[in-house]
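Quick notes on the structure that follows.
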There are 2 protein chains.
Amino acid sequence: MKQVKVSNNVIRRLPRYLRKLDELAADGVDKISSRQLGEELGLTSSQVRQDFNCFGEFGQQGYGYNVSALRAQIAGILGMDRGFSAILLGVGNIGRALMENFCFSDWGVKLAAAFDIKPELVGTEYKGVRIYAMEELEHYLDTNRVDMAVLTVPKAAAVPVTELLTAHGVDAIWNFTNVELTRPNSSTIVENIHFSDSLLSLCYYVTERRDDAAKKEDK
Amino acid sequence: MKQVKVSNNVIRRLPRYLRKLDELAADGVDKISSRQLGEELGLTSSQVRQDFNCFGEFGQQGYGYNVSALRAQIAGILGMDRGFSAILLGVGNIGRALMENFCFSDWGVKLAAAFDIKPELVGTEYKGVRIYAMEELEHYLDTNRVDMAVLTVPKAAAVPVTELLTAHGVDAIWNFTNVELTRPNSSTIVENIHFSDSLLSLCYYVTERRDDAAKKEDK
DNA sequence: TAGATTGTTAATCGATTAACAATC
DNA sequence: TAGATTGTTAATCGATTAACAATC
């Protein structure tokens, strides 16, 4: 694998390729050209080929790409075969929704444990995942390998819990709190799901469209 | 307002500015320079100023930006004062989590109604939002203004429900399903929350870090 | 072989950064 | 006035697109 230093934009497209390839495989398609794949995702064929060539040569000239082989390559690049282990902090509404509905194992991640402060939850299991007390977190981190933490605690707990995690060597956080965790001089990897940011972007595009429509009506 | 054609990258940063400005206001800060604001968010001062200058002149030379005035400008750009009206489709785990925990009105959006197929939910209210039967959707759309739809239905329902929505004039969708809704020749505005894409990006960065660490150990 | 499509280099385009005059 | 910081233009950097030789 080449791997110079792959740009963020490329990384963000990899899961989309993966999703589309899964869809194609489910439809019984077994080969695809960069042009076709690009069309499906709104990209140019050049871009598709450039993206893949960041990591190696996955196609065959004159033929295209084998769907399942390409899928496997991308899965490998993303680290889906590494057996990453995650823990979830905060079994509130969103935490519970993730535990119930989101299949971590589909993406190669094992959700190994959850933590909450509510005594009535501690000791129970949710979808095969045991819920521990927050006080047990430090001990857990010291005795288990944890590759990433899913942060679904209330806003106020976000920073203290993050500090505890990083102090015990967890350097990757999937952040569902509406808090800017990215700290200037920190080396922690933070991946945000900011619902409000997403909704506000949508609002912007709707606003833009309404304004355009109003402008046309003026004429 | 200038408004030539603002790039996606700029739009994506606007909610982050808003969030940071809210934080600053809460801390009692009432002015900030582009340099300081940039540092807080990991951006250069140039970028901050360029971003704002897409929309007008919000600062004062020699002084900086007034926090609450700038906040109000950005809120206006995003359309938070437009009184957008949304409906939610699918009151499952994730739909319920949003209704319970996510404060739409904080971002200027009114969640006006929800729809589900489960008979036991129909007619009930959740956090002040009435739940209707899916069969009532068409009639609702024809008799109410709906600016955006929150799509939290199961995977299989995503495409048919979207088609129904667009057929009745809803042209903006906040998509929580793991389905690529962006269709090549559609004019619908789709904003995706793809949990799996986000997790896979995180996996990539963790993988990269582990590989770098392993490489260093080799030497 | 002829046709198709990749891998890859070169050209273009757009976004970020630097610089500085304007001005509070 | 002097210092600070914006608004804005110019320079740089990086990402996307186009082109084409390599090759299946």
Side-chain angles (χ1 to χ4, degrees), chain A residues 1-14 16-17 20-21 24 29-74 77 182 184 201 204, chain B residues 1-14 16-17 20-21 24 29-74 77 182 184 201 204:
Chain A
M1 237 180 251
K2 295 184 190 180
Q3 279 278 46
V4 198
K5 169 65 192 174
V6 181
S7 87
N8 264 332
N9 294 358
V10 176
I11 311 305
R12 298 277 157 199
R13 283 193 290 269
L14 292 179
R16 298 186 62 211
Y17 291 126
K20 181 53 76 180
L21 289 167
L24 290 166
V29 179
D30 51 32
K31 75 148 201 166
I32 190 155
S33 70
S34 56
R35 194 174 52 73
Q36 290 171 302
L37 185 54
E39 266 170 22
E40 294 275 358
L41 296 168
L43 309 169
T44 64
S45 62
S46 278
Q47 189 160 43
V48 173
R49 292 199 301 278
Q50 290 276 34
D51 283 354
F52 297 158
N53 285 143
C54 293
F55 305 99
E57 310 184 2
F58 303 150
Q60 202 172 348
Q61 276 145 328
Y63 172 85
Y65 299 88
N66 176 285
V67 169
S68 67
L70 182 57
R71 201 269 181 201
Q73 289 284 358
I74 295 178
I77 293 164
T182 333
S201 304
Y204 176 85
Chain B
M1 237 179 252
K2 296 182 188 181
Q3 280 278 50
V4 198
K5 169 65 194 175
V6 181
S7 87
N8 264 332
N9 293 0
V10 176
I11 310 306
R12 299 277 156 197
R13 283 193 290 269
L14 293 179
R16 298 185 63 209
Y17 291 128
K20 182 52 75 178
L21 289 167
L24 290 166
V29 179
D30 50 33
K31 75 148 202 167
I32 191 156
S33 70
S34 56
R35 192 175 52 75
Q36 289 172 302
L37 186 52
E39 267 171 21
E40 295 276 358
L41 296 168
L43 309 169
T44 64
S45 62
S46 278
Q47 188 161 43
V48 173
R49 292 199 301 278
Q50 291 277 34
D51 283 353
F52 297 158
N53 284 145
C54 293
F55 305 99
E57 310 184 3
F58 303 152
Q60 202 172 348
Q61 277 145 326
Y63 172 85
Y65 300 87
N66 177 285
V67 169
S68 66
L70 182 58
R71 200 268 181 202
Q73 289 283 358
I74 294 178
I77 293 164
T182 333
S201 305
Y204 176 85

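Chain letters run A, B, ... following the sequence lines, proteins first, then strands; residues in each count from 1. Any value given below was found using the heavy atoms of this structure, including those in side chains, with hydrogens, waters and symmetry copies removed.
Note on Tyr65(A): only backbone sugar-phosphate atoms sit closer than 4.0 angstrom, heavy atoms only; bases stay farther off. Contacts of Ser45(B) with the nucleic acid, taken as non-hydrogen atoms under 4.0 Å apart, are absent.
How far NZ of Lys31(B) is from CG of Leu24(B): 12.5 Å, rounded to the nearest 0.5 Å.
Atom CD1 in Ile11(A) sits roughly 14 Å away from atom C1' in dA15(D) (whole-Å rounding). Note: CZ (Arg35(A)) to P (dG7(C)) measures 16 Å, nearest angstrom. We find that CG of Asp51(A) is positioned 17 Å from P of dG14(D), with the value rounded to whole Å. Rounded to whole Å, atom P of dT5(D) lies 15 Å from atom CG of Leu70(B). The distance from atom CZ of Arg49(B) to atom C1' of dA15(C) is 16 Å, rounded to the nearest whole Å. Regarding Lys5(B), its NZ atom lies at a distance of 15 Å from the C1' atom of dA15(C), rounded to whole Å. Per the geometry, CG belonging to Asn8(A) stands 19 Å off P belonging to dC13(D), to the nearest Å. We find that OH of Tyr63(B) is positioned 12 Å from C1' of dC24(C), with the value rounded to whole Å.
A pairwise comparison of heavy atoms in Lys20(B) and Leu37(B) identifies CG-CD1, 3.8 Å as the closest pair. Of all heavy-atom pairs spanning Ile74(A) and Leu14(A), the tightest one is CG2-O, 3.8 Å. Here the closest heavy-atom approach between residue Val48(A) and residue Gly38(A) is recorded as CG2-CA, 3.7 Å. Heavy-atom minimum distance, Arg12(B) versus Ser201(A): NH1-OG, 3.4 Å.
For Gln61(A) and dT23(D), a side-chain-to-base donor-acceptor distance below 3.5 Å is absent, hydrogens and geometry of angles not being considered. Side-chain N/O atoms of Gln50(A) and base N/O atoms of dT17(D) include a donor-acceptor pair closer than 3.5 Å.
Looking at the side chain of Ser46(A), the nearest of the listed nucleotides dT17(D), dT6(D), dT16(C) is dT17(D). You'll find that the side chain of Gln47(A) is closest to dT16(D), out of dA22(D), dT6(D), dT16(D). Side chain of Asn53(B), nearest nucleotide from dT5(C), dT6(D), dT8(D): dT8(D). The side chain of Glu57(B) lies closest to dT8(D), out of dT8(C), dT8(D), dT16(D).
Base pairing in DNA chain C yields stems of at least 3 consecutive Watson-Crick or G-U pairs, both distances under 3.5 Å, namely C:3-24 with D:3-24.
Summary of the strand contacts: Gln60(A) and Gly62(B) both lie near DNA chain D, and taking for each the nucleotide with the nearest heavy atom, the more 5' one is attributed to Gly62(B).
For dT17(C), the OP1/OP2 oxygens have a side-chain nitrogen or oxygen of Thr44(B) closer than 4.0 Å. Contact annotation: Ser33(A) side-chain N/O to dT5(C) OP1/OP2 distance is not under 4.0 Å.
Partner Arg13(A) forms a side chain to side chain contact (heavy atoms under 4.5 Å, CB included) with one of Asn8(A), Asp51(A), Leu41(A) and no other, that one being Asp51(A). Screening Tyr65(B), Tyr17(B), Phe58(B), Phe55(B) for a side chain to side chain contact (heavy atoms under 4.5 Å, CB included) involving Gln73(B) leaves a single residue, Phe58(B).
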* **Candidate pair Ile77(B) and Phe52(B), rule side-chain contact (heavy atoms from CB on, under 4.5 Å), full reasoning** => CA-CA 10 Å; Ile77(B) 293 164; Phe52(B) 297 158; over 6 Å; no
